[in-house]
Amino acid sequence: MCSILVYCSGQADPQVMSDMLAKTISRGPDDTRIMKTENGYLGFNRLSIMGLTPEGMQPFVLDHNAVVCNGELYGFRKMREALKKRGYSFKSDSDCEILLPMYREFGTEMFRLLDAEFALVLYDGQSQKFIAARDPVGIRPLYYGQDKEGIYVFSSEPKSLVGVCSGIMPFPPGHYAVIDTAQPEEIPAAETKKNHTGAGHRRPAGICPAQHMELHEYRRIWKADRVGTDDQDTIAVRIREKLLAGIEKRLDADAPVGFLLSGGLDSSLVCGAAAKLMDKPLQTFSIGMDLDAIDLKYARKVADYIGSDHHEVIMTREDVIAALEPVIHALGTWDITTVRASIGMYLVCKWIHENTDIRVILTGEISDEIFGYKYTDFAPDAAAFQKESEKRIREIHMYDVLRADRCISVHSLEARVPFGDLDFLSYCMAIDPEKKLNTYGIGKYLLRHAFEKDDLIPYEILMREKAAFSDAVGHSMRRDLMDYAETLYTDEEYEARRRKYTHARPFTKESLLYREIFEKYYPGQAQMIADFWMPNKSWKGCDVNDPSASVLSNYGASGL
């Protein structure tokens with residue numbers, strides 16, 4: 001997965017920089033490097049996925065420029081050949097080595113050209129500016145803050161910035177930022193400090209007042225420019241073509257690839273398509289509670305159908321409770337549904353790391369936010385559905401995408417998300433929302449219809465209603481967590497302790513437990529997450545006090 005850390009000042013303490021980078025070593029255990037530039041430091045922890053030789057280690061340098069990037073740049077070979085024709089040479093097979101030549105050729109317009117999941121920080125030595133950027137969905141994480149001197153610091157995870165920066169925030173997806181570190185030789189008169197002789201003095205090199213960050217949006221993936229006019233059959237063809245292309249490009253890796261298989265529609269489609277594309281059996285992985293796991297039986301049916309080498313991981317109530325604190329520490333969130341859904345993913349990825357040589361994991365996130373979920377059946381009209389979908393895609397980097405990244409990367413694996421493919425997502429967000437409304441008697445019909453003729457997965461799975469993830473791994477898991485939280489607080493303690501928080505105030509004992517664990521590791525940083533990931537309470541039928549779809553009136557047989 002890799003991690004990056006950039007301090008936009010040459011006066012940073014190298015030991016502090018090293019300590020900060022060490023906090024994300026699980027993202028990149030293969031190699032670590034810190035490079036000092038004229039006006040700052042760039043650090044990198046490497047997980048070798050593309051270009052496994054030492055020459056693929058970052059930071060990459062070209063003339064006076066340097067870059068660190070946590071990313072996968074799809075189709076990079078074509079761009080590399082084009083750059084070779086312009087006179088560039090390359091030392092490795094790493095996809096990220098093309099970034100500095102691209103910057104020289106295209107400047108910040110390069111970000112519009114990338115078909116990629118990425119977070120990067122580039123240092124332009126000529127202008128003495130740092131440029132930070134993140135992919136339009138936010139699949140790769142990037143956080144930033146300012147130290148006590150007002151210097152900007154960027155990191156793959158907020159844990160590296162705790163204690164150094166206040167006001168840590170996620171960098172907005174689809175944006176790039178420019179930080180100018182060049183300083184005038186003389187301090188302006190208004191800022192001049194007097195020494196003991198009464199004379200002005202020069203500012204030491206690299207020290208500056210609070211830095212300014214110029215933020216620029218380069219792509220708004222969640223907002224369609226226009227509503228598409230394709231009919232239903234054309235939509236099915238396009239969805240199929242674009243999703244298959246998104247899956248195929250994510251199979252390109254120099255390290256072993258595995259697949260999370262829940263037995264639900266989304267992960268099953270990813271696995272079924274990949275099984276057709278690969279020349280050897282897939283390695284698939286599922287997890288469930290020891291008592292009442294719903295999805296294990298469905299995952300097994302898919303695995304048998306596609307002929308994968310399938311692995312089941314079983315967890316107990318004790319495993320769930322024991323994982324709670326390390327999961328929240330890894331996630332950096334207090335959100336209820338994110339924490340619940342992360343426990344199974346965290347434990348299955350832990351098993352994969354400890355028992356296999358797999359380095360890359362494909363997952364099924366983002367489909368619900370595009371095509372709808374149980375609560376979107378309550379959308380009053382197509383405009384409301386579209387508005388909600390846009391909000392969910394815009395914010396998903398703080399929720400399901402965050403979950404996938406942290407649960408996978410904390411175990412030294414890389415997440416790839418086919419439903420987040422830029423071409424696929426752009427097309428789907430422009431589909432007429434009238435066609436996305438559940439008027440078919442089954443949710444996500446457009447996606448199901450697109451693959452009805454392929455036989456990639458059993459028809460029973462293709463048309464199976466989705467179960468809430470925290471129920472799918474076992475109905476008892478959600479109840480275990482709620483019951484455990486109930487034992488920790490009296491009603492009076494709960495009421496008093498929850499009122500300490502103003503942003504996203506806890507509203508159940510379970511949410512208070514998650515918030516208190518979060519504050520232990522990320523004190524005062526609750527604003528990193530916008531709000532609780534809940535159904536739209538303004539819709540009739542969605543005014544519920546729990547994020548699980550199982551509490552909705554239309555859940556029906558989804559959890560069977």
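If you read the sequence from its start, that first residue is 1, and numbering goes on from there.
- Under a 4.0 Å N-O distance rule, the pair E390/K387 does not qualify as a salt bridge.
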Checklist line | D231 vs T234, side chain to side chain donor-acceptor pair (under 3.5 Å): CA-CA, chis, key distance, verdict | finding: CA-CA 5 Å; D231 60 28; T234 303; 2.8 Å; yes
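- For the pair E117 and R416, the salt-bridge criterion is not met [side-chain N within less than 4.0 Å of a carboxylate O].
- The six-membered or imidazole ring of Y346 lies near that of H411, with a centre-to-centre distance under 6.0 Å.
- Counting non-hydrogen atoms of other residues, nucleotides and ligands closer than 6.0 Å to CG of N545 gives a total above 12.
- In this structure, D546 pairs ionically with R478, as a charged nitrogen and a carboxylate oxygen lie closer than 4.0 Å.
- Under a cut-off of 6.0 angstrom, the local environment of OH in Y459 is sparse, with at most 12 non-hydrogen atoms contributed by other residues, nucleotides or ligands.
- Two residues are said to be in side-chain contact when any heavy atoms from C-beta on lie closer than 4.5 Å; W351 and T356 meet this criterion.
- A salt bridge links E157 with R27: the closest approach of a Lys/Arg side-chain nitrogen to an acidic carboxylate oxygen falls below 4.0 angstrom.
- No donor-acceptor pair under 3.5 Å is formed between the side chain of E414 and the backbone N or O of L47.
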Notebook entry, point to check: Where do E369 and K391 land on the salt bridge (charged side-chain N to carboxylate O under 4.0 Å, His left out) test, with the steps shown first?
Noted result: CA-CA 9 Å; E369 288 69 28; K391 176 183 183 293; over 6 Å; no
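- Residue K537 qualifies as enclosed at atom NZ: its count of foreign heavy atoms under 6.0 Å is above 12.
- A donor-acceptor contact shorter than 3.5 Å is absent between the side chain of S155 and the backbone of Y143.
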Checklist line | Check against side chain to side chain donor-acceptor pair (under 3.5 Å), Y176 and E217 | finding: CA-CA 6 Å; Y176 72 88; E217 185 175 56; over 6 Å; no
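- A donor-acceptor pair shorter than 3.5 Å can be found between the side chains of E325 and Y521.
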Margin query: As a quick check of understanding, evaluate side chain to side chain donor-acceptor pair (under 3.5 Å) for S426 and R219, giving each step before the final call.
Written below: CA-CA 11 Å; S426 293; R219 187 165 184 184; 2.7 Å; yes
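- Although no hydrogens or angles enter the test, the distance criterion places a donor-acceptor pair under 3.5 Å between the side chain of Q527 and the main chain of I168.
- Checking T284 against H310 by side-chain atom types alone, a donor-acceptor pair falls below 3.5 Å.
- The closest side-chain heavy-atom distance from M315 to I287 is below 4.5 Å.
- What you find for G71 and C96 is that their closest heavy atoms are O-SG, 4.0 Å.
- Between the side chain of D309 and the main chain of Q283, no donor-acceptor pair closer than 3.5 Å is present.
- Salt bridge E388/R392: present, at least one basic N to carboxylate O contact under 4.0 Å.
- The aromatic rings of F424 and F419 stand perpendicular to each other, their planes meeting at an angle above 60°, with 30° marking the opposite boundary.
- E354 has a carboxylate O that lies under 4.0 Å from a charged side-chain N of K350, or vice versa, which qualifies the two as a salt bridge.
- Ion pair D405/R140 not flagged as a salt bridge, since none of the NZ, NE, NH1 or NH2 atoms sits closer than 4.0 Å to an Asp/Glu carboxylate oxygen.
- Under a 4.0 Å N-O distance rule, the pair D421/R250 qualifies as a salt bridge.
- The existence of a salt bridge linking R340 and E510 is confirmed by a sub-4.0 Å separation between a basic side-chain nitrogen and an acidic carboxylate oxygen.
- In this structure, the side chains of S286 and V313 stay at 4.5 Å or more apart for every pair of heavy atoms.
- Salt bridge E312/R300: present, at least one basic N to carboxylate O contact under 4.0 Å.
- Remark: the backbone N or O of I529 is paired with a side-chain donor or acceptor of H503 at under 3.5 angstrom.
- Using the six-membered ring where Trp is involved, Y373 and Y375 have ring planes that are perpendicular, over 60° apart on the 30 and 60° scheme.
- Between Y522 and M528 the shortest heavy-atom distance is CD2-CE, 4.1 Å.
- The side-chain heavy atoms of I370 and I431, taken from C-beta on, include no pair separated by under 4.5 Å.
- A donor-acceptor contact shorter than 3.5 Å is absent between the side chain of H449 and the backbone of L447.
- Both tests pass for R464 against the ring of Y298: distance under 6.0 Å to the centre and angle within 45° of the axis.
- Side-chain atoms of V257 and I358, non-hydrogen and from C-beta on, never get closer than 4.5 Å to each other.
- Considering only residues two or more places apart in sequence or on other chains, D115 meets the side-chain hydrogen bond (donor to acceptor under 3.5 Å, both in side chains) condition with K249.
- Counting heavy atoms from C-beta on, the side chains of M110 and L99 come closer than 4.5 Å.
- The existence of a salt bridge linking D304 and K301 is excluded, since no basic side-chain nitrogen approaches an acidic carboxylate oxygen closer than 4.0 Å.
- Looking only at side-chain heavy atoms (C-beta outward), I352 and L260 come within less than 4.5 Å of each other.
- A salt bridge links D252 to R77: one of the charged nitrogens lies within less than 4.0 Å of a carboxylate oxygen.
- Put simply, the side chain of R134 gets close to the backbone of F171: a donor and an acceptor are under 3.5 Å apart.
- Under the 6.0 Å cut-off for aromatic ring centres, F507 and F532 qualify, their centroids lying closer than that.
- The salt bridge (charged side-chain N to carboxylate O under 4.0 Å, His left out) test applied to R359 returns D30, not counting sequence neighbours.
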Checklist line | Residues D254, I49; criterion side chain to side chain contact (heavy atoms under 4.5 Å, CB included); working and verdict | finding: CA-CA 6 Å; D254 295 332; I49 301 296; over 6 Å; no
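- Between the side chain of D230 and the backbone N or O of I235, no donor-acceptor pair lies under 3.5 Å.
- Ring geometry, F518 versus W334: the interplanar angle exceeds 60°, so the pair is classed perpendicular (tilted spans 30 to 60°).
- Legend: residues meeting side-chain contact (heavy atoms from CB on, under 4.5 Å) with V339, ordered by chain and number and at least two apart, are L324, I328, L331, T333, Y514.
- The shortest distance between side-chain heavy atoms of E395 and W533 falls below 4.5 Å.
- S156 and R406 make their closest contact through O-NH2, 4.5 Å (heavy atoms, listed as atom of the first residue, atom of the second, distance).
- Note on D368 versus K444: salt bridge recorded, some NZ/NE/NH1/NH2 to OD/OE distance being below 4.0 Å.
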